Amino acid sequence: MRTPTGSILECVPPAVKLAALFSISVLLFLTGSLTLLGSAAGTVLVLCLLFCRFAVLQWLKAWPLLLTIAAVALWTAYNDGYQEALVLLLRLGTLSLVATVVTVTTSIGEFIETVTRAAIPLERLGIANARDIGLAIGLVMRFVPDVRQRYLAVVDAHRARGLPLRPTTLIAPMVIGTLKSADDIADAIDARGIRTNSHPQKRAENA
Amino acid sequence: MHSKSLVLIALFTAIIVVLGLIPPIMVAFIPVPIHAQSLGVLMAGIVLGARGGALSALLLIVLVAIGLPVLSGGRGGLAVFLSPTAGYLVGYLPTAWATGWLSERVALKAGGGWKTFAGLLAAAVVGVIVTHVFGVAWLITYVGLSPRDALVGDLIFVPGDLIKAGIAAYVGQFVLQNFGSRLRMQ
């Protein structure tokens, strides 16, 4: 999720950034040379510190991910030696940093637009509706706080009655309560005509 | 697709995200946290069926790619797809599909009771196996662990995931029996 970073990388089109990330991920796995990987990692780090310091901070904040990489590297060092572990560390470390840069310099709106545009070929093939994909993403973002609230309410209800917190008694009411609201939300979407422009004939089917 | 199906898929993705917000537990140095998120994926398959469940999982994967911190432990962003455990995330999609496909057949045939539960449990266990196959395959091919190491690291999570399969089957049956007719995907 983007907070303004002031980085010039924000001006680069998201599609270009994604293509760059993809090619870097392929290139890093083509070579096993420590010199090449080391210089790649160094270049990326220096460029990040120069142009997008915020991304480095976010990268360090994502410590569970870095811990995962470190754990696998340790295991590799123990089994296959330090050389292999270093190669793995440089590859995954560089990649996760580049991926973080792309993520923090691109807003959710830009991402949704890019995803919607990338989905247009799917729409032409008749597999999916590009606009529905954008709508679905927006709906999830809107629903997460609601579902979380519902979960906390169920937890409170358990506490108020002195019931132990069991996964089954917590999750069933949350799922049912959430899914019960589906009809109302679907009606609201149809009433506002949000999906009418793209598929008028579908609206007739729904009616 | 009807608006209601779209909403159900989005709602279930939201449920999966919220289940991930329950704090995960890291087991020693094994790089996979134990969390309730995969439970949500199994339930999506059971409740919404193959197509709806798979679309729900796909939506989750797209949200991760967009960079939202929707995975357990607040993870998100493209970096996740390049991490050692990416196989488990990508595996959610075939997991939801396989669990859904099997439960659709069970829900239609068995008339409730322990037979339905056994069928849903089998569907969820197959789902768990699919996730682990993808996770281990990724550890071997992409991260470069030896098959033995990858399997040893993976097996520690199997008991926990089997418990989750049991919970998913129980809750799934409860939801299907009480709300099944209202949740049918169109």
Side-chain angles (χ1 to χ4, degrees), chain A residues 1-2 21 25 59 62 64-65 67-69 71-72 74-76 79 84 88 92 95-97 99-100 102-104 106 108 111-112 115 129 132-133 135-137 139-141 143-144 146-148 151 167-168 171-172 174-176 178-183 185-187 189-190 195 202 205-206, chain B residues 1-4 6-15 17-19 21-22 26 29-33 36 39 43 47 55 59-60 62-63 65-70 73-85 139 142-146 149 153 167 170-171 174-175 178-179 182-183:
Chain A
M1 213 184 304
R2 185 179 74 170
L21 174 65
S25 70
W59 182 61
L65 186 72
L67 192 68
T68 312
I69 295 173
V72 174
L74 273 178
W75 186 249
T76 310
N79 277 293
E84 283 296 307
L88 188 141
L92 297 182
L95 272 179
S96 58
L97 180 56
T100 312
V102 175
T103 306
V104 298
T106 312
I108 294 169
F111 258 120
I112 293 178
V115 170
N129 180 327
D132 279 358
I133 296 172
L135 178 60
I137 294 171
L139 283 175
V140 180
M141 289 179 186
F143 292 151
V144 167
D146 287 357
V147 178
R148 194 180 140 81
Y151 175 79
T168 45
I171 294 169
M174 178 182 83
V175 172
I176 289 173
T178 304
L179 296 184
K180 263 168 83 178
S181 55
D183 274 322
I185 299 163
D187 286 346
I189 289 173
D190 289 336
R195 302 172 74 218
K202 284 232 166 128
E205 277 169 30
N206 284 342
Chain B
M1 192 191 283
H2 285 243
S3 297
K4 190 180 167 191
L6 187 78
V7 171
L8 280 175
I9 290 164
L11 278 175
F12 231 106
T13 308
I15 290 174
V17 172
V18 171
L19 285 173
L21 295 176
I22 303 167
M26 291 288 277
F29 63 95
I30 308 299
V32 192
L39 172 62
M43 282 196 302
V47 175
L55 286 173
L59 194 50
L60 179 77
V62 171
L63 288 171
I66 286 177
L68 293 169
V70 294
R75 289 171 304 136
L78 294 163
V80 174
F81 290 95
L82 306 164
S83 76
T85 53
L139 282 173
Y142 195 79
V143 184
L145 288 187
S146 74
D149 292 346
I167 298 173
Y170 177 84
V171 175
F174 190 80
V175 173
N178 292 292
F179 293 91
R182 290 166 70 174
L183 299 176

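No experiment lies behind these values; they were computed from the predicted model shown. Proteins get letters first, then strands, A, B, ... in listed order; numbering begins at 1 in each.
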Check each atom of B:Leu59 against the heavy atoms of chain A and say whether the ones under 4.5 Å are side chain, backbone, both or neither. side chain
Structural part of B:Phe81 lying under 4.5 Å from a heavy atom of chain A: neither
To the nearest 0.5 Å, what is the distance between CG on B:Leu11 and NZ on A:Lys180? 13.5 Å
From CA spacing to verdict: side chain to side chain contact (heavy atoms under 4.5 Å, CB included), B:Phe174, A:Val175: CA-CA 10 Å; B:Phe174 190 80; A:Val175 172; over 6 Å; no
Taking A:Ile133, A:Leu135, A:Val144, A:Asp187 one by one, which has the highest count of heavy-atom pairs under 4.5 Å against chain B? A:Val144
In terms of heavy-atom proximity below 4.5 Å to chain B, should A:Leu74 be classed as side chain, backbone, both, or neither? neither
For A:Ala186 versus B:Ser3, what's the shortest heavy-atom pair and its separation? CB-C, 3.9 Å
Once rounded to the nearest 0.5 Å, what's the spacing between atom CE of A:Met141 and atom CG of B:Leu63? 6.0 Å
Among A:Val102, A:Ile185, A:Asp146, residue most engaged with chain B (heavy-atom pairs, under 4.5 Å): A:Ile185
Part of B:Leu39 lying under 4.5 Å from any heavy atom of chain A: side chain
Chain B contact via A:Leu97 - side chain, backbone, both or neither, heavy atoms under 4.5 Å: neither
Which heavy-atom pair separates A:Val140 from B:Ala10 by the least distance, and what is that distance? CG2-O, 3.7 Å
Distance-minimising heavy-atom pair for A:Tyr151 and B:Val18: CB-CG1, 4.2 Å
Part of A:Ile137 lying under 4.5 Å from any heavy atom of chain B: both
Option in B:Ile15, B:Ile167, B:Val171, B:Leu60 with maximal non-hydrogen atom pairs under 4.5 Å from chain A: B:Ile15
Can you confirm whether more than 12 heavy atoms, excluding those of B:Tyr170, are under 6.0 Å from its OH atom? no
Is any side-chain heavy atom of B:Val47 closer than 4.5 Å to one of A:Leu179? yes
Can you list the residues that meet the side-chain hydrogen bond (donor to acceptor under 3.5 Å, both in side chains) rule with A:Thr100, with sequence neighbours excluded? none
Would you please name every residue forming a side-chain hydrogen bond (donor to acceptor under 3.5 Å, both in side chains) with A:Ser181, sequence neighbours left out? none
Is any side-chain heavy atom of A:Thr178 closer than 4.5 Å to one of B:Phe12? no
Side chain to side chain contact (heavy atoms under 4.5 Å, CB included) between B:Leu19 and A:Met174, worked out: CA-CA 10 Å; B:Leu19 285 173; A:Met174 178 182 83; 4.0 Å; yes
Cut-off 4.5 Å, heavy atoms of chain B, and the answer for A:Ile189 is side chain
